[in-house]
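Numbered from 1 within each chain, the chains take letters A, B, ... in sequence-line order. Everything numeric here is computed off the predicted structure, so don't read it as measured data.
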There are 2 protein chains.
Amino acid sequence: MPSMEIVRTDQTDAPGGAERVFTFFRDQLLAGSLKAGDRLLAERDLALALGVSRPVLREALRSLAILGLLDIRQGRGAFVRSADAAVLGQALTLCLAPEPNILDDVLQARIAIECQAIRLACERAADRDLQSIAALLDALVDSLDDPKRGGQADYAFHLALVRASGSGALMKIYEAIAPLLMRSHVERRRDTFREPAITSGLVEAHRQVFVALAERDPDAAERRLREHFRIGDELRRKTLISSYQAKGKRS
Amino acid sequence: MPSMEIVRTDQTDAPGGAERVFTFFRDQLLAGSLKAGDRLLAERDLALALGVSRPVLREALRSLAILGLLDIRQGRGAFVRSADAAVLGQALTLCLAPEPNILDDVLQARIAIECQAIRLACERAADRDLQSIAALLDALVDSLDDPKRGGQADYAFHLALVRASGSGALMKIYEAIAPLLMRSHVERRRDTFREPAITSGLVEAHRQVFVALAERDPDAAERRLREHFRIGDELRRKTLISSYQAKGKRS
DNA sequence: GGTCAGTCCGTGGTCTGACCAGCATAAAAG
DNA sequence: CTTTTATGCTGGTCAGACCACGGACTGACC
């Protein structure tokens with residue numbers, strides 16, 4: 001059952017056609033008049049109701065779909081989809097494409113988000129947040145021998161930290177940037193998971209961060225988190241250097 | 001002179017028509033084959049070259065334009081535009097729309113970015129960065145008596161801090177979220193710029209942050225920056241409370 | 001009576017061809 | 001040489017038609 005209402009704003013707006021239709025829907029999305037799951041009218045009816053031709057309407061709908069706000073499927077219709085972090089991630093990728101050192105830069109953003117998140121988490125985290133983080137810590141230990149699963153467990157742990165901050169904005173931004181780092185993260189793990197000194201250090205670092213969080217000590221939590229990132233960075237530089245040395249030998 | 005090249009990928013891709021054209025251009029943008037300022041072929045020629053009809057091509061182009069990647073103007077043509085932070089801001093607004101406490105949340109993100117940025121800036125900032133920040137500090141002092149100009153000077157100061165970090169990603173994210181806070185920031189300033197105790201404290205806080213940065217002391221810089229935000233938050237709560245009390249009296 | 005297959009209809013997806021409106025350049029008039 | 005006009009580009013819009021896919025209904029068959 002289509003639950004949308006056509007309010008038909010003033011037609012004589014300055015921006016013409018497609019743009020007007022686009023902003024019309026976008027504003028309804030922002031205002032909440034259109035909720036996730038709602039089904040839009042058929043294109044032909046909608047075009048008639050809005051007073052534009054079908055191609056113009058389609059341009060607007062297609063744009064909304066590409067932005068991730070609409071789920072258009074042939075034979076079914078167009079459905080409103082709640083905007084998820086994937087949109088943000090795509091926009092970020094596009095914005096950061098011309099930048100050099102993207103990975104380093106995005107890592108800095110990740111550190112920024114996490115350090116702020118864990119401070120908030122020390123204030124706001126509920127018991128069940130701490131419990132789930134503890135469970136993820138166990139999962140991390142259990143998956144040390146598998147780079148892929150281990151990487152995912154690592155990500156899940158850090159994501160839970162951010163979630164415990166209770167800040168939706170931090171969460172969304174984190175979800176947007178983290179996937180960009182996932183690949184290199186797993187690759188690095190593949191180089192190091194055989195070395196007990198490194199993996200045990202990894203586990204210990206995570207545990208210490210968790211303990212500081214459980215003790216609600218923001219300064220200690222942030223300090224340990226930064227230390228964790230610093231060690232990771234150091235490790236990354238080492239592997240980078242040794243890979244260059246290997247290249248040098250081959251040449 | 002149109003400088004684009006049509007490489008004409010495999011036509012029998014899985015995704016049909018419009019979506020294919022869209023990803024085609026998006027990937028060229030990401031890969032750098034299309035640089036900012038380039039002019040696309042005319043719609044009719046482009047449609048012919050890509051083997052799709054004009055409406056389909058238009059849907060893709062319009063989507064790119066709405067994403068901010070293209071600048072399409074009647075009678076002129078379509079030009080590639082470098083993706084700016086405005087795209088990110090819009091995506092962020094859409095993603096955060098359903099969240100509660102948006103302003104508080106976004107403020108947390110801002111604190112996260114700035115605190116990380118100033119740490120990086122302590123390592124990386126060049127002399128000219130410090131000079132420009134010092135100049136903006138003077139501008140901030142000069143504009144204390146005007147809420148609007150003062151707010152802008154405040155923003156410019158903090159933006160310069162982030163720029164000094166040398167991280168494009170932090171910069172882009174900061175530019176995306178800061179405008180969301182600008183309005184409330186100026187409004188709060190309008191309530192407080194008459195009180196010398198507050199404004200002098202404000203200047204002093206900024207100065208201390210700058211000094212710590214100039215002395216390349218990351219811990220001190222972050223601590224002072226957090227203190228600056230904490231005081232601002234406290235102030236905000238006070239005005240909120242007194243506004244509620246005023247309401248109570250009226251009723 | 002229940003189940004499954006075939007058909008029908010509504011949906012988005014695409015195409016063709018045409019016309020309108022803004023802009024730039026070049027040609028023509030002063 | 002400057003100003004004005006005319007022409008041709010460009011994107012913007014529209015109408016109508018057809019295709020492909022999905023779901024729902026209906027019928028026959030078990």
### Query
Roughly, in whole Å, what's the span from CD in A:E59 to C1' in C:dG12?
16 Å
### Message
Out of the candidates B:I177, B:V87, B:I173, only one should pair with B:L92 under the side-chain contact (heavy atoms from CB on, under 4.5 Å) rule; please name it.
### Response
B:I177
### Query
Only one of A:V56, A:L67, A:L61, A:D27 clears side-chain contact (heavy atoms from CB on, under 4.5 Å) with A:F22; which?
A:L67
### Task
Would you tell me if any nitrogen or oxygen in the side chain of A:R58 comes within less than 4.0 Å of OP1 or OP2 on C:dG13?
yes
### Message
Once salt bridge (Lys or Arg N to Asp or Glu O under 4.0 Å) is applied, do any residues pair with B:E175, and if so which ones, sequence neighbours excluded?
### Response
none
#### Entry: Rounded (10°) bend between the five-pair end axes of the helix from C:dG1-D:dC30 to C:dG30-D:dC1
10°
### Query
Got more than 12 heavy atoms from elsewhere within 6.0 Å of CZ, A:R124?
yes
### Query
Over how many whole Å does the gap from B:L50 atom CG to C:dC15 atom P extend?
11 Å
### Query
Does a side-chain N-to-carboxylate-O contact under 4.0 Å join B:R119 and B:E123?
no
### Summary
Between A:A160 and A:I133, the two heavy atoms sitting closest are CB-CG1, 3.8 Å
### Task
Round to a whole Å and report the spacing from CD of B:E43 to P of C:dG17.
17 Å
### Task
For B:L41 and D:dC9, give me the distance from atom CG to atom P, rounded to whole Å.
15 Å
### Query
Do any side-chain nitrogens or oxygens of B:R20 fall under 4.0 Å of OP1 or OP2 in C:dG13?
no
### Message
Taking B:A169's backbone N and O only, do any of them form a donor-acceptor pair with A:D105's side chain (distance below 3.5 Å, no angle check)?
### Response
yes
### Message
Strictly below 4.0 Å, N to O, side chains only: are A:D233 and A:R236 in salt-bridge contact?
### Response
yes
## Note on the structure
Rounded to whole Å, the CG-P distance (A:L61 to C:dG13) equals 9 Å
### Message
Between B:R189 and B:D154 (salt bridge meaning N to carboxylate O under 4.0 Å), is one present in this structure?
### Response
yes
For nucleotides 14-17 of chain D, give me every protein contact, N/O to N/O, under 3.5 Å, one pair per line with atom names.
{"unit_1": "D:dC14", "atom_1": "OP2", "unit_2": "A:S53", "atom_2": "N", "d": "3.1"}
{"unit_1": "D:dC14", "atom_1": "OP2", "unit_2": "A:S53", "atom_2": "OG", "d": "3.0"}
{"unit_1": "D:dA17", "atom_1": "N6", "unit_2": "A:R54", "atom_2": "NH1", "d": "3.3"}

### Message
What's the closest nucleotide to the side chain of A:I72 if the choices are C:dG13, D:dG11, C:dT14?
### Response
C:dG13
Are any protein N/O atoms closer than 3.5 Å to N/O atoms in nucleotides 20-23 of chain D? If there are, list each pair with its distance.
{"unit_1": "D:dA20", "atom_1": "N3", "unit_2": "A:Q74", "atom_2": "OE1", "d": "3.1"}
{"unit_1": "D:dC21", "atom_1": "O4'", "unit_2": "A:Q74", "atom_2": "OE1", "d": "2.8"}

### Message
Without decimals, in angstroms, what is the distance between B:R39 CZ and D:dT10 P?
### Response
7 Å
### Task
Rounded off to whole Å, could you give me the CG-to-P distance for the B:L57 and D:dT10 pair?
13 Å
### Query
Of all residues at least two apart in sequence or in a different chain, which pass the salt bridge (Lys or Arg N to Asp or Glu O under 4.0 Å) check with A:E114?
A:R110
### Task
Return the value, rounded to whole Å, for the distance between atom CZ of A:R62 and atom C1' of C:dT14.
10 Å
### Message
Can you list everything that forms a ring-ring contact (aromatic ring centres under 6.0 Å, His included) with A:F157? Sequence neighbours excluded, please.
### Response
A:H206
